[in-house]
Amino acid sequence: MARILVVDDAKFTRLTLTNILQKANHEVVGEAANGKKAVELHLMLRPNLTTMDITMPEMNGIEALKKIKTQSQHAKVVMCSALGQQKLIVEAIENGAKDFIAKPFDERMVLEAIERVLS
């Protein structure tokens, strides 16, 4: 299955996503709590896919997405957002995000988004 980097400032959210992904036989190769660390880890780990929170300290998810896309134009990034952040989701898609997952997470929806992006 896929090698995935999980990025979110909330440890509980990272743990929840990691559990969903591992249960579906994906390998979580790293975690980051902010966009700056996500960019560093993406360059180092070269995951098949990255899940990226939008609202984070130090560097938000959209800025991190832009930097990742300059490093690797083929990077597959799925944005994670709370309901009501449609404007930010549209901005993320315009900047190269492949899909998005709404919080709170529904396991089936998460896995469907991951599979769509990986196929």
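Nothing fancy with the numbering, it's 1 onward along the sequence.
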Checklist entry - Can you list the residues that meet the side-chain hydrogen bond (donor to acceptor under 3.5 Å, both in side chains) rule with K11, with sequence neighbours excluded? => result none
Checklist outcome for this item: Grouping ILVMFWY residues whenever side-chain heavy atoms fall under 4.5 Å, the cluster of M44 otherwise contains L5, V7, V29, V39, L41, L45, M52, I54, M56, M59, I62, L65, I68, V77, M79, L88, I89, I93, F100
Item to check | Residue pairs involving residues 29-41 (criterion salt bridge (charged side-chain N to carboxylate O under 4.0 Å, His left out); sequence neighbours excluded) | outcome: R14-E31, K37-E40
Checklist entry - Minimum heavy-atom separation for A33 to P57, with atom names? => result O-CD, 4.1 Å
Checklist outcome for this item: The side-chain contact (heavy atoms from CB on, under 4.5 Å) partners of T13 (sequence neighbours excluded) come to D8, A10, K103, F105
Next on the checklist: To the closest 0.5 Å, what do you measure between OG1 (T51) and NZ (K76)?
Outcome noted: 15.0 Å
Checklist entry - Counting heavy atoms not belonging to M109, are there more than 12 under 6.0 Å from its CE? => result no
Checklist entry - Looking at residues at least two apart in the chain, or sitting in another chain, which of them share a salt bridge (Lys or Arg N to Asp or Glu O under 4.0 Å) with K87? => result none
Item to check | Under the salt bridge (Lys or Arg N to Asp or Glu O under 4.0 Å) test, residues paired with E91 that sit two or more places apart | outcome: none
Checklist outcome for this item: Taken to the nearest 0.5 Å, the spacing of E112 CD from I101 CD1 works out to 11.0 Å
Checklist entry - Is any side-chain heavy atom of I4 closer than 4.5 Å to a side-chain heavy atom of I114? => result yes
Next on the checklist: Taking transitive links into account, so neighbours of neighbours count too, which hydrophobic residues share a cluster with L43 at under 4.5 Å side-chain distance?
Outcome noted: none
Next on the checklist: Applying salt bridge (Lys or Arg N to Asp or Glu O under 4.0 Å), can you list everything that pairs with D9, at least two apart in sequence or on another chain?
Outcome noted: none
Checklist outcome for this item: By side-chain hydrogen bond (donor to acceptor under 3.5 Å, both in side chains), E115 pairs with (sequence neighbours left out) H26
Checklist entry - Who pairs with T55 by side-chain hydrogen bond (donor to acceptor under 3.5 Å, both in side chains), at least two apart in sequence or on another chain? => result Q85
Checklist entry - Quick one: CG on N60 to CG on N34, what's the gap to the nearest 0.5 Å? => result 11.0 Å
Next on the checklist: Enumerate the salt bridge (charged side-chain N to carboxylate O under 4.0 Å, His left out) contacts for residues 57-69, please, sequence neighbours excluded, ordered by first and then second residue.
Outcome noted: E63-K66
Checklist entry - Who pairs with R116 by side-chain hydrogen bond (donor to acceptor under 3.5 Å, both in side chains), at least two apart in sequence or on another chain? => result D99
